[in-house]
Amino acid sequence: MVARTLYQKLVDSHTVARIDDQHVLLYADFHIMNEYTSPQAFGGLAARGAAVHRPEQQMGVVDHVIPTHPDPVAKRTIRIEAAAAQAANFTRNCDRHGIHLFDVTDPAQGIEHVVAPEIGLIRPGMVVLCGDSHTTTYGALGALGFGIGTSEVEHVLATQTLVYRVCGNMRITINGKLPFGTTSKDVIMYVVAQIGAQGARGLAVEFDGSTIAGLSAEARMTICNMTVESGARAALIAPDATTFDYVKAYATDMPPEMFEQAVASWRELKSDAGARFDQHFTFDAADIGPYVTWGTSPDQAIAIDARIPAADALDADAIKALDYIGLKPDASLIGTPIDRVFIGSCTNARIEDLRLAADVIRGRKVAPTVRAMVIPGSGLVREQAEAEGLVHVFIDAGFEWRQPGCSMCLAMNDDFLEIGERCASTTNRNFEGRQGRGGLTHLMSPPMAAAAAIAGHIVDVRKESAHD
Amino acid sequence: MTDFSIIQSVGAPLPLNNLDTDQIMPKQFLLGIDKSGLAHGVLHDLRFDAFEVPRANFVLNQPAYSGANILVAGSNFGCGSSREHAVWGLMQIGIRAVIAASFGEIFYFNAANNRLLLVTLPEDAVSELMREISDPASSGLVIDVAREVVISASGKEYGFSLPARQKSMYLEGLDMVGATLKQLPQIEAFEQAHWASNPWMKVDLPTMRNFLPSWAGSLV
Ligand code: SF4
């Protein structure tokens, strides 16, 4: 047998039919939809009079347009008219086809990529699709997840399959112990900065090495989530004991015998020795520090103690980015005053992220010049944070404690940056205007964002003692 | 009927790398439930200033390029968000083809599904074309899809290659959903075998949902 990569195994096990030498008809075990990339797909389905092939293997969640005002869950409403109409249309579509929807007032509502794993829907070996680029998140559990467009959403609704071009393979090995003050967010920001915004374009990236092995399932989700910022089509981590424990804790509907049988087969989900990768990078965790973006592309990032590239090292894109963000070549980011702090998004709004942020701010106060908010990734994360008392840490420090949603990650709801506002953000994209027209975004880890909130400017979290 | 085999038009140069779909179609235009009304949103912040006044220096606002059906763009065009609205919007302002050194992955397939032609050329060929079309006098381009060449005003030909499937999808138009629906029996046979060997992959969300009260607050 030819040695295969984990990615190839996942594709092979879901190939309904081979279409040509590049394309297969790929089966999707699960399909997730949001309110803004699905309406035209339902419209297309209605126009052709087609049914949804497997409604029970679909889920809808209202996450992108939902406001995050701290109203009680049962009273949550969408105040922007067009957004409310979009959500109502989504409810109608899901109801009509018998698709389970996490609607506006559902206590388990949240960001799609936070909700799906925490309710046990994502299992190793699955193929999971969603009309959203950060669907790569599920690779953290050994599932092949990737984003699709709306025409493809229609295809999945009607047939539970996708016409899919099989991609090449990249391996990224990271070894060693993560230095003090760094998180898995810093790992992926470092990787994206090293290989570039196009570094993995069109490839399935498999992460391995002792650093990855030492990370929790949630920390791995942060990595696989943001791998898409290097252009990757998919991100994968071979499932191990950490994965099995996570799935066991959440997939509570699986009877124990089934779980044991599953684990036996999940152990096979790894790249064979000698499997061919088109590219291979190896990094040393010791080289990774807290990372922060200085530009308008996620790969325009440096370690907090490094300097923005000097003028002679800047290309036209970098010059344009620096001009937009209002910073100078060869400058340090430390001390850059910020107006807003946003802790949230499918990259960094899980319970472990909130714990990390809370550890930095416990007993301290947000700088008076800063408006800081925490948007938990889901209703369950929010409940958990309340049960652990994290909510008091945030509120006492002066953070706004809000309801879950995508919120200012893409600013489709009523949370956004004003022109010229600078934000320390735990999100994944610092594109021009992403968080609001004219808004200036610096991506970083939850502890770094928390430390910036306290200081009022960008700081090196390693130099900030929590209790000085 | 549109002739898909040849596109002949002014080419507009857009020399920005990593132009993401957030910039091609900003979020405030994503609240619709159909595909209409996206023309105003395309490249909105590049085309209009904060007061909605067209920026005179932006290429598509210049008389020589405002009717362009072809964009010649920087690399990794259409990276980022999966929003197909970016493709729909470009087509609504008359763009029929984009030429670049590379494209965002999801954007690439979204374009194929809507018959927006994406032509991939080497970086130096794109730069050369960009230089030539920057002069309105030599901004005319011809894309001969059947022959897979781009012809510049000076008569220089740049060959490209479209994967066979993309080419026939583009030239013939193809109802992919309709085609796959004919394979439903095969899909159902696959499902039976797949679930028999991997029963844990068959989730049933409405039933699972009944477990929810016991999940709440149990996050490890
Ligand atoms: S949190 Fe941000 S990146 Fe994640 S799904 Fe929502 S908008 Fe997309």
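Each chain gets a letter, A, B and so on, in the order its sequence line appears, and its residues count up from 1.
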Could you look at [X] and say if it's the side chain, the backbone, both or neither that has a heavy atom under 4.5 Å from chain B?
| X | value |
| --- | --- |
| F30(A) | side chain |
| Q261(A) | both |
| T135(A) | neither |
| I419(A) | side chain |
| I19(A) | side chain |
| S13(A) | backbone |
| R54(A) | side chain |
| A411(A) | both |
| L121(A) | both |
| V228(A) | neither |

Spacing of [atom1] belonging to [X] relative to [atom2] belonging to [Y], to within rounding of 0.5 Å:
| X | Y | atom1 | atom2 | answer |
| --- | --- | --- | --- | --- |
| H100(A) | R209(B) | NE2 | CZ | 4.0 Å |
| H53(A) | T180(B) | NE2 | OG1 | 11.5 Å |
| N198(B) | H14(A) | CG | NE2 | 7.0 Å |
| E81(A) | L31(B) | CD | CG | 11.0 Å |
| I33(B) | Q40(A) | CD1 | CD | 8.5 Å |
| H155(A) | N113(B) | NE2 | CG | 8.5 Å |

For a quick test of reading the model, state the closest non-hydrogen atom pair linking [X] to [Y] and the distance between them.
| X | Y | result |
| --- | --- | --- |
| A158(A) | L184(B) | O-CD2, 4.5 Å |
| Q186(B) | V16(A) | NE2-O, 3.6 Å |
| Q198(A) | S75(B) | NE2-OG, 2.8 Å |
| S151(A) | N114(B) | OG-ND2, 4.0 Å |
| L181(B) | A50(A) | CD1-CB, 4.3 Å |
| M208(B) | I119(A) | CE-O, 3.4 Å |

Given the options [options], which has more heavy-atom pairs under 4.5 Å with chain A than any of the others?
| options | value |
| --- | --- |
| A189(B), G32(B), A179(B) | G32(B) |
| P26(B), G80(B), G178(B) | G80(B) |
| F107(B), W88(B), F103(B) | W88(B) |
| P15(B), S197(B), A50(B) | A50(B) |
| R83(B), Q28(B), E188(B), R165(B) | R165(B) |
| A193(B), P206(B), S102(B), G74(B) | S102(B) |

task: Establish, for the pair R165(A) and Y108(B), whether the NZ or CZ atom is under 6.0 angstrom from the six-membered ring centre and no further than 45 degrees off its axis.
output: yes
Does the [X] side chain pair with the main chain of [Y], one donor and one acceptor, at a distance under 3.5 Å?
| X | Y | answer |
| --- | --- | --- |
| E56(A) | L205(B) | no |
| E84(B) | T150(A) | yes |
| R123(A) | W200(B) | yes |
| K27(B) | N413(A) | no |

Sequence-distant partners of A385(A), side-chain contact (heavy atoms from CB on, under 4.5 Å), two or more places apart: I351(A), L354(A), L390(A), W401(A)
- request: Name all residues meeting the side-chain contact (heavy atoms from CB on, under 4.5 Å) criterion together with N61(B); count only those two or more places apart in sequence or in a different chain, and write none if there are none.
  value: R47(B), P54(B), R55(B), F58(B)
- prompt: When the ring planes of Y27(A) and W195(B) are compared, do they come out parallel, tilted or perpendicular, using 30° and 60° as the limits?
  reply: perpendicular
Should [X] and [Y] count as side-chain neighbours, where that means a heavy-atom distance under 4.5 Å?
| X | Y | result |
| --- | --- | --- |
| M201(B) | Q57(A) | no |
| F431(A) | S81(B) | no |
| M126(A) | V203(B) | yes |

Under a 4.5 Å cutoff for heavy-atom pairs, which residue among [options] has the most contacts with chain B?
| options | result |
| --- | --- |
| T37(A), L410(A), V153(A) | L410(A) |
| K320(A), R350(A), R201(A), M59(A) | R201(A) |
| Q160(A), H134(A), E229(A), E432(A) | E432(A) |
| D20(A), N428(A), D317(A) | D317(A) |
| V127(A), I99(A), T159(A), T296(A) | T159(A) |
| D132(A), V156(A), V65(A) | D132(A) |

- request: Assess whether side chain to side chain contact (heavy atoms under 4.5 Å, CB included) is satisfied between R437(A) and D45(B), documenting all intermediate values.
  value: CA-CA 8 Å; R437(A) 186 172 190 170; D45(B) 295 1; 3.4 Å; yes
task: Check the pair D204(B), D253(A) against side chain to side chain contact (heavy atoms under 4.5 Å, CB included), reporting the backbone distance first and the verdict last.
output: CA-CA 10 Å; D204(B) 179 350; D253(A) 63 313; over 6 Å; no
message: Using a strict threshold of under 4.0 Å (side-chain N to carboxylate O), is an ion pair present between R429(A) and D20(B)?
response: no
message: Could you walk me through whether L30(B) and Q86(A) satisfy the side chain to side chain contact (heavy atoms under 4.5 Å, CB included) test, starting with their C-alpha distance in whole Å, then the side-chain angles of each, then the deciding distance to 0.1 Å, before giving a yes or no?
response: CA-CA 10 Å; L30(B) 305 179; Q86(A) 196 175 58; 5.6 Å; no
Heavy-atom cut-off 4.5 Å, strictly under: side chain, backbone, both or neither for [X] against chain A?
| X | value |
| --- | --- |
| T21(B) | neither |
| N17(B) | both |
| A164(B) | neither |
| P199(B) | both |

message: Please check if the number of heavy atoms outside Y65(B) that lie under 6.0 Å from its OH is greater than 12.
response: yes
